[in-house]
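Some notes on the structure that comes next.
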Amino acid sequence: MTKKAYIEIDSERCKGCGLCINACPQHVIRFSEKFNNKGYHYAELHDPENKCIGCAFCYNMCPDVCIVVHRLVKEESKV
Amino acid sequence: MDSTIDKIIAKMPKSLSGKEFTYCPGCHHGIVHRLIAEVIDELGIAGKTLMVAPVGCSVFAYEFFDLDGTVAPHGRAPAVATGMKRAMPDRIVFTYQGDGDLASIGTAEIVHAANRGENITTIFINNAVYGMTGGQMAPTTLLGQKTTTTPYGRSAKANGYPIRMSEMLATLEGSAYVERVMVTTPQNVIKAKRAIKKAFEVQIKNLGFSMVEVLSTCPTNWGLTPIEAMKWLEEKMTKQYPLGIYVDRTKEAE
Amino acid sequence: MKMLFKGSEAIAEAAIRAGCRLYFGYPITPQSELTEYMSRRLPEVDGTFLQAESEVATVNMMYGASCTGKRVMTSTSSPGFSLMMEGVSYMAGAELPAVFVNVVRGGPGLGDIQPAQSDYFQATKGGGHGDYRMIVLAPHTIQESVDLMNLAFDLADKYRMLVTILADGMLGQMMEPVEFPEMRDPNGVPKKDWALTGASDHEPRKVTSFNIDPYGLEEMNLRYQATYKKVVENEIRYEEVNTKDADIIIAAYGTMARIVKTTIHLAEKEGIKVGLFRPITLWPFPYKQINKLADTVENVLTVEMSYGQMLEDVKLGVNGKAKTPFYGRSGGVVPTPTEVLEAVKKVMVGDLNG
Amino acid sequence: MNFLNFKTRLFVYIGMFGSGKTELAINTAIDLRKQVSRVALVDIDVISPYFRSRDERKFLKTKGIEVIAPPGVLSHADLPIITAQMSGYISNPDYFTVADVGGNEDGATVLGSIKPFLDSTSKSVFFVINTLRPFSTTLEEIVKNIQKISKSGKIKINYLVCNTNIGSETNGDNIRKGEEIVRKVSEYLEIPVAFTVVKDGIEYSGKFPVFKLKRYLSNLW
């Protein structure tokens, strides 16, 4: 599958609450095994099959505004 | 040849300062902050908006927004906002208050600001507990709910009943728009944003007092994980505090 | 042109002349005329009058209005001023300028509605929590109340401090001819580079008394103290009447000083030379000035419509150089000039000691 | 000033706050008492906290005048009290009564509550004007005040009184200018001017009869 979208998570800002993981319909976010400097298992994107659809549910639920949502869109052909 | 571009569709809104929130993991304050900032950005009013933060967990809220702002004494945000708005009627003034602030110590101020039809917007966070001071009973604590000052659960006989502010304020003729929302799912978050936007628009149109009550979790003081807390909110809190628009006088006012 | 004004009304008009267009207040006797005057007069000059739901709300409305950099005031009487103490402390901490008028009545508690001076401690020593000061001005005539109003707003703006006009029911209720200064343009008041007006033309500003870091808060407190020091150095005001070669000096302020001025004449007829030392700023108190006077007399008699509140400052000023006897009435009883003269005589024969 | 010429036994003073009603009421009562034996001064000022007729009760008693005000300690209460006695004296045909009403429309409102008593007796209502008081300096302002007070007190005004003064510093020039404004008001509203008040010690004669006034309510100094 081609990559349609992806997210960036500010792992240092993340408090590992898991609301994004809970909200993700594609189940492509998980807790990292690593800790950030605050000591939290931060959320990370794990999307080997490119399932992320850029719905921004994670962004909407993140209480710490850690997530940037990208969509890869086809460039509109110029007339 | 097909070429794709990388488009950012969601990121931190401009009206947030970027300072890290002081809230506990999973606390809904952060979601509501972001929604307010998005609304301010979309309405293009950041340069003329004044914020009044409360005393409570969100006492630092004025730091989290890239806006002119202050902190009111506990409960007095509506009075402070009144003073600002009366001094500068063309500015947008909003208060951000918790349930202890708005529904307990500041009941007189919120009731009279609403009753005057004070042209301000209030975002009211109801999480049924005092967060900042360590989980004591709030006026909105549910019957039977255990807190550090209701160790046997809140009893109506000893502590009275959970107070419904939206319903109460909706009875006042100065209230132009009052809605209760929650932010437990992405769909709810979008609805909540719509409510907040409407509340600010009411102010921009000089229609009177507007308030959005947001039912919120307090995982720390409830002793639940963030996910469990959201379930508890949806199951228990919404029974006492049904969602919905409690008053919308915008049509008659317009 | 001179006109006949009640003290309360004159103070209100003077505030408007000083460029104040924002009044928040809650009715309380004996100063409701001031509130009523504002409700009638402010709309005439495009000002804002708002009757708040309480004194607690009043002071917080002032906080909000002052945040925007505009001149704001309220007036109240003793029990109302007690209620305002929360906001007074917050405003002092946030360095917000504003003017309060306290038309003092008998206390403590509900007390009565007669004139008193028993809020001296509250005004000059605190009342609200924290290490703060407010400038306290004590007029003794209606004309002086008018003149001090301009000063009050100027000092408030200059030092970013609260200023209280400490009057009493007598001064508020009596009528005298008075002349007003020219109307000042409210837009001519200096712009404030800290005011919250919307961050369109400046970096977002924060006005707050809050700092969770003890070192940070200490730094804020040191800044307040530096301001207070400047006020002490530059803003002390007082009046001396008949103090040269006086047999006795009376220290009195406000209405009480007015009464003492009559006592001076009564005493003269009996061959007693009474001098008056009248602090106009109760904070900062003219300690040095009264200390100097104490060199010239055996007794500095403090007379108050309370039981020895200013007396403590007089003692600090006199610092043992003279005796500091006291005479006072309270609860709304106003000593007559003759009564004060009797006290003077007692002091002089050693029947009233301090 | 011979108050008997007004052919009435109830004299009601109304007007703006601080226009000088109380002082005038006291002077009128004292003047009347020189000619008739039963004079009462009814203090229905529910507005002012100090400087009311009741404060001079003792002094007026020595002059043979009954002062009707709330009894004892209540006279200093912060309460708007109207006693049954007040309405009694207003309608008592054995007395010449002077009524001192509180200032502004708020002070006059109380008259509505005793309207039946006021209507049952022949009375003269005097509107006191001091043109050197705020909100009373022009024809327009004064006319508006008269209309408002007349409406809130549900009472018709029979006479105007010119009481232009600035207390101790009043001079003849002040009074002359005041009379000029009051004359215009009188013409505009077609209400006659009863008299001009002139404080004892000022030599003055002008357009209207002069009532020499002594100051009884004094400050402590």
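The sequence lines fix the lettering, A, B, ..., with proteins before strands; numbering per chain opens at 1.
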Here the pair of heavy atoms bringing B:Leu50 nearest to C:Gly198 is CD2-N, 3.3 Å
With a 4.5 Å limit on heavy-atom distance, are the side chains of C:Leu50 and B:Arg86 in contact?
yes
Flag the pair C:Asn60 / B:Pro73 as yes when at least one side-chain heavy-atom distance between them is below 4.5 Å, and no otherwise.
yes
Chain B contact via C:Lys206 - which portion, at a heavy-atom distance below 4.5 Å:
both
So which residue, C:Ser66, C:Ser200, C:Pro204, ends up with the most heavy-atom pairs under 4.5 Å with chain B?
C:Pro204
Chain B contacts, top residue of C:Thr48, C:Asp201, C:Thr208 (heavy-atom pairs, under 4.5 Å):
C:Thr208
Answer with side chain, backbone, both or neither: which region of C:Thr58 has an atom nearer than 4.5 Å to a non-hydrogen atom of chain B?
neither
Quick one: pull up NE2 in B:His74 and OH in C:Tyr90 and give me the separation to the nearest 0.5 Å.
8.5 Å
Please examine the side chains of B:Glu109 and C:Glu53, heavy atoms only from C-beta on, and report whether any two atoms are closer than 4.5 Å.
yes
Which heavy atom of B:Thr70 sits nearest to which heavy atom of C:Tyr63, and what is that distance?
OG1-OH, 2.7 Å
Which atoms of C:Leu196 approach chain B - backbone, side chain, both or neither, heavy atom under 4.5 Å
both
Considering all heavy atoms, the nearest C:Gly64-B:Met84 contact
O-CG, 3.2 Å
Using a cut-off of under 4.5 Å on heavy-atom pairs, state which of B:Lys48, B:Met88, B:Met51 scores highest against chain C.
B:Met88
Can you measure from CD1 (B:Ile105) to CD (C:Glu86) and round to the nearest 0.5 angstrom?
6.5 Å
C:Glu219, CD atom: more than 12 neighbouring heavy atoms under 6.0 Å:
no
Minimal heavy-atom distance between B:Ala79 and C:Ala57, with the atoms involved, is CB-O, 3.6 Å
Could you state the interatomic distance from NZ (B:Lys85) to CE (C:Met61), rounded to the nearest 0.5 Å?
14.5 Å
Give a yes or no on this: more than 12 heavy atoms of other residues, nucleotides or ligands lie within 6.0 Å of atom CD of C:Glu203.
no
Answer with side chain, backbone, both or neither: which region of B:Leu67 has an atom nearer than 4.5 Å to a non-hydrogen atom of chain C?
backbone
Taking everything shown except C:Asp46 itself, do over 12 heavy atoms lie less than 6.0 Å from its CG?
no
Can you find a pair of side-chain heavy atoms, one from B:Val55 and one from C:Phe210, that are under 4.5 Å apart?
no
What part of B:Arg76 gets within 4.5 angstrom of chain C, counting heavy atoms only: side chain, backbone, both, or neither?
both
Evaluate whether atom CD1 of B:Ile204 has more than 12 neighbouring non-hydrogen atoms of other residues, nucleotides or ligands under 6.0 angstrom away.
yes
I'd like to verify something: which residue of B:Ile45, B:Val93, B:Asp66 has the highest number of heavy-atom pairs under 4.5 Å with chain C?
B:Asp66
Please classify the contact of C:Ala94 with chain B as side chain, backbone, both or neither, using a heavy-atom distance under 4.5 Å.
neither
Answer yes or no: are there more than 12 heavy-atom neighbours, outside C:Tyr26 itself, under 6.0 Å from its atom OH?
no
Between C:Ala65, C:Gly47, C:Gly87, which has the largest tally of heavy atom pairs under 4.5 Å with chain B?
C:Ala65
Heavy-atom distance under 4.5 Å to chain C: side chain of B:Ala81, backbone, both or neither?
neither
Could you tell me which of C:Ser54, C:Gly69, C:Ala199 has the largest number of non-hydrogen atom pairs under 4.5 Å with chain B?
C:Ala199
Is the CD atom of B:Glu173 crowded by more than 12 outside heavy atoms at less than 6.0 Å?
no
Heavy-atom neighbours of B:Tyr161 OH exceed 12 at 6.0 Å:
no
Flag if over 12 foreign heavy atoms under 6.0 Å of NZ, C:Lys125:
yes
Side-chain heavy-atom pair B:Tyr62, C:Val207 within 4.5 angstrom cut-off
no
